[in-house]
Amino acid sequence: MAVVNIAIVLALCWLVVVEASPEEDSLKEHNRLRKKHGCPPLTLDDTLTKDCEEL
């Protein structure tokens with residue numbers, strides 16, 4: 001039973017790692033710090049991101 005529980009936890013952790021992109025991770029951390037200082041959160045803009053990547 002313990003092996004099954006460990007396998008489930010590892011599978012869920014893998015899904016979380018696969019789901020998050022570097023952009024989302026950076027934005028999440030940036031917004032965490034903004035919240036600490038009373039600033040509203042930012043959101044990703046797909047068009048702006050694409051344009052920046054092309055440069």
Side-chain angles (χ1 to χ4, degrees):
M1 186 64 159
V3 174
V4 172
N5 288 340
I6 291 170
I8 291 171
V9 169
L10 290 174
L12 291 173
C13 290
W14 181 77
L15 286 174
V16 169
V17 170
V18 171
E19 292 271 330
S21 71
E23 293 88 0
E24 291 168 345
D25 287 343
S26 296
L27 181 64
K28 184 178 178 181
E29 177 63 12
H30 190 82
N31 282 335
R32 183 185 71 80
L33 295 171
R34 289 177 61 85
K35 184 177 181 179
K36 254 178 107 168
H37 297 282
C39 297
L42 299 176
T43 58
L44 285 175
D45 182 302
D46 292 335
T47 304
L48 182 61
T49 300
K50 182 182 174 208
D51 291 345
C52 290
E53 288 174 350
E54 290 175 0
L55 292 175

Residue set satisfying side chain to side chain contact (heavy atoms under 4.5 Å, CB included) with I8, at least two apart, ordered chain then number -> V4, L12

Under a side-chain separation threshold of 4.5 Å, the hydrophobic residues clustered together with L44 are L27, L42

Applying side-chain hydrogen bond (donor to acceptor under 3.5 Å, both in side chains) to E29 and not counting sequence neighbours gives R32

In short, side chain to side chain donor-acceptor pair (under 3.5 Å) pairs touching residues 39-55 with sequence neighbours left out are none

